[in-house]
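Following: one structure in structure tokens, then a few remarks.
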Amino acid sequence: MHASPPTDTAPQGLLDGLNPEQRAAVTAAGSALVLAGAGSGKTRVLTTRIAWLIASGQVSPWGVVAVTFTNKAAREMLARLSALLPIDTRGMWVGTFHGLCHRLLRLHHREAGLPQSFQILDAQDQLAAIKRLLKALDVDSERFEPRRVQAFVNAHKEAGLRAPAVEAPDPYSQRLVELYAEYDAQCQREGVVDFAELLLRAYELLSRNALLREHYQSRFRHILVDEFQDTSRLQYRWLRLLMGPETALFAVGDDDQSIYAFRGAHVGNMAQFLQDLGLAEPIRLTQNYRSQSNILEAANAVIRHNRQRLGKDLWTTAGAGEPIRHYEAQDDADEARFVVELVQALHEDGRDYRDIAVLYRANAQSRAIEHALFTAGLPYRVYGGLRFFERAEIKHALAYLRLTVNPEDDAAFLRVVNFPARGVGARTLEAIDAAARARGTSLWQAACAMGGKNKGLATFVALVEDLRRATAELPLAEAVQTVVGGSGLIEHYQSERDGAERIDNLRELANAAAAFSVEADSQDLAAFLAHAALEAGEHAAAAHADAVQLMTVHAAKGLEFHTVIITGLEEGLFPHENALATEGGLEEERRLMYVAITRARHRLYLTHARTRMLHGQPRYGLPSRFLDEIPPGLIQSLGRTAAHSTPVAAPTRTQAYPYPIGCRVQHTRYGEGVVMGYQGQGAQAEVRVSFPRVGEKWFILAYAKLSPC
DNA sequence: TTTACAACTGTTTTT
DNA sequence: CAGTTGTAAA
């Protein structure tokens, strides 16, 4: 069980190639805080330290906890670790906060007051559960918007507060607190747990159960945390609970990359940590191994505008590199066209598509760029958006699966009791609900009791029982296949216009289950369902294909690319207007910009559009202040002409429309109006005109008798 | 009960 | 503009 005694050579070899600061961090005795700038080799330090601790016999793999922020980072850490050391990493506690808390709760579900096969609600499920609750309690969902209730519940759980502990100064908050309590009661009844609950429940489990706490405290000798600046107060308190007198906490973070305050991240944890453990100074890693110095200087210059920081400047031995290039686009379509032409030009120079990332502040911005790349025939891959396990058809299939594990799962029941439609409508549902309420049972039990009354309902009950029986003894992948096949979902989507992709996804679900059972060495359906909720599924198609990478700045954190294009640099968009209204919002937006810039190794392009379509309306934005914060000497401006001098004519290029947007035109019937936009090509092309009295109208360009004024 | 369509509304970032 | 919600008709 214990690691072999230290050998002189093995641990030393691990330190080869590290700079003095990195080495100090890896070998630090006891607890330490590492302030690791972007591209300073933070992940390497973290994994090397674990390897070094194990190889030098200071700890066994069994005594290590490593917490990361994303599943991807956890996987990467395990992969690097097993490359450094010949150990079996499967028993190690490496994962996200949510993943580790989930593990803890599964192991000790009884002590945590949860049923053995408790299920996890993702954000979508949680919202649905709240809507259902509001309806059941007959709450005016205009006054108590479901999203707001959800935010209220999550914010307080993340602060470690249960409903009775929440202060409610006014009647409105009082009602919210009541709803919080009701929501928790409903979850408890149904045996489900939301994301925030995973953390809070795990925290409470350890804080209330001294025996359990002491067990883990003496077991875990080294706790390592990645992206420490993104931990919440509760997460930090959880870590502290896990620490015994002999436990060392090694936290790596960068306050300049703290971009999740909106979700409860508390940068103050870094200072708190120093204070709690009596540490004087963090270990600073400031040498950057990623970017050319022009890029680094731009990043340093931007982040220097923030007041709230621990302070550090990145440096590099790399050369200045190319200037940063800035393009001012006419509108979002022009911006997208610039991206297309740039990608084509870079590719002709021999650059792989996968080396190029297009970043944006908000997901909605991807559409225009995707459209342009698609029509130009360029390969691209979009990160984020709807993930595999979040797709409606997958959630339906998962609901059937959940019912085979636990038919009392009301949320799953409601999701599929009438999907595909089998004649169980609102009325029947009301009756089931009333019966369940009267007898204090789950919807499923009520449905079973009144089975014969409604033919569709009886079919459904029989179906779920059949599936349950049929899958009881099957290995995971086959069970999934059986349920998907028996659910009738495939037949349903076959009759739908664009159901083909959905059917493909349903088939893919069985593959995902097979992959899971190999990877996790488990045939447990409940575990697979938890995996689906916790890891919404990167596993999208062709991760390794050569394609331009499209993602939000948030999603780009931790990644790096040869070339980065940051789009939408307009006031109101980046920095986002909503952020400007909140305390400290601007500084967080600036950190976001800092993260975006530091993703680039060699080339950085910045674009902004003078007008951008938003909610179907044009919007005018001034260039982002972040552009002004970059020293002018580092930036080269690309004029419109320069961009268009690229010989490749993008096939996306909007055809010549007769009147520019904003042009005043005369219509024979409605009089004078203003051209707002166009749609379609050739003979079907339509024009949208806004008239003072009648509002906006669409006309077929070829027929509308318009003349310029 | 289901379907079709009109009206309305809201849009930051996510484990 | 798109996704959701509500109302009317089949």
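The chains referred to below are lettered A, B, ... by the order of the sequence lines, with proteins before strands, and numbering in each begins at 1. Computed from a prediction, not measured in an experiment: that's the story for all the values here.
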What is the distance, to the nearest angstrom, from the CD atom on A:E145 to the P atom on B:dT9? 11 Å

Can A:H576 be classed as stacking with the base of B:dT12, given a centroid separation cut-off of 5.5 Å and a plane angle cut-off of 30°? yes

For the pair made of CZ in A:R612 and C1' in B:dT12, what is the distance, rounded to whole Å? 14 Å

Closest to side chain of A:T552, choosing from B:dT12, B:dT2, B:dT14: B:dT14

Please determine whether a side-chain nitrogen or oxygen atom of A:N418 lies at a distance below 4.0 Å from atom OP1 or OP2 of B:dT2. yes

Just call it for A:D230: base, sugar-phosphate, or nothing, with non-hydrogen atoms closer than 4.0 Å on any strand. nothing

What nucleotide, of B:dT2, B:dT15, B:dT12, holds the atom closest to the side chain of A:T96? B:dT15

Given that A:F97 and A:R147 both sit by DNA chain B, which one's nearest nucleotide is further toward the 5' end? A:R147

Kindly indicate whether the side chain of A:D194, heavy atoms from C-beta on, has any atom under 4.5 Å from the side chain of A:Q150. no

Look at the side chain of A:Y260 and decide which nucleotide, out of B:dT15, B:dT2, B:dT14, has an atom nearest to it. B:dT14

Go nucleotide by nucleotide along DNA chain B from the 5' end; which of A:R422 and A:E589 gets its closest nucleotide reached first? A:R422

A:K131 near the nucleic acid: base, sugar-phosphate alone, or nothing, with a heavy-atom cut-off under 4.0 Å? sugar-phosphate

May I have the distance from A:N363 (atom CG) to C:dA2 (atom P), rounded to whole angstrom? 15 Å

Separation of atom NZ in A:K455 from atom P in B:dT1, rounded to whole Å: 14 Å

For atom P, what is the distance between C:dT4 and B:dT13, given to the nearest Å? 16 Å

How many whole angstroms separate atom NZ of A:K157 from atom P of B:dT14? 22 Å

note: A:L534, atom CG; B:dT14, atom P; distance rounded to Å ~ 17 Å

Can you tell me if A:F262 is stacked onto the base of B:dT13, using a 5.5 Å centroid cut-off and an angle below 30°? yes

Thinking salt bridges, do A:R610 and A:D334 make one under a 4.0 Å N-O criterion? no

Against the six-membered ring of A:Y383, is A:R381 placed for a cation-pi contact (under 6.0 Å from the centre, within 45° of the normal)? yes

Just checking A:F419 against A:H396, ring centres under 6.0 Å apart? yes

Atom CE of A:M593 and atom P of B:dT13: how far apart are they, to the nearest Å? 18 Å

Does A:R106 count as lying over the ring of A:F118, i.e. NZ or CZ under 6.0 Å from the six-ring centre, within 45 degrees of the axis? yes

Whether A:T428 contacts B:dT1 is assessed here as follows: a side-chain N or O lying under 4.0 Å from the phosphate OP1 or OP2. Is that the case? yes

Check the distance between C:dA2's C1' and A:R367's CZ and give it to me in whole angstrom. 7 Å

At 4.0 Å (heavy atoms only), tell me whether A:A362 reaches a base, stays on the sugar-phosphate, or touches nothing. sugar-phosphate

Electrostatic pair A:D125-A:R402, nearest N-O below 4.0 angstrom: yes

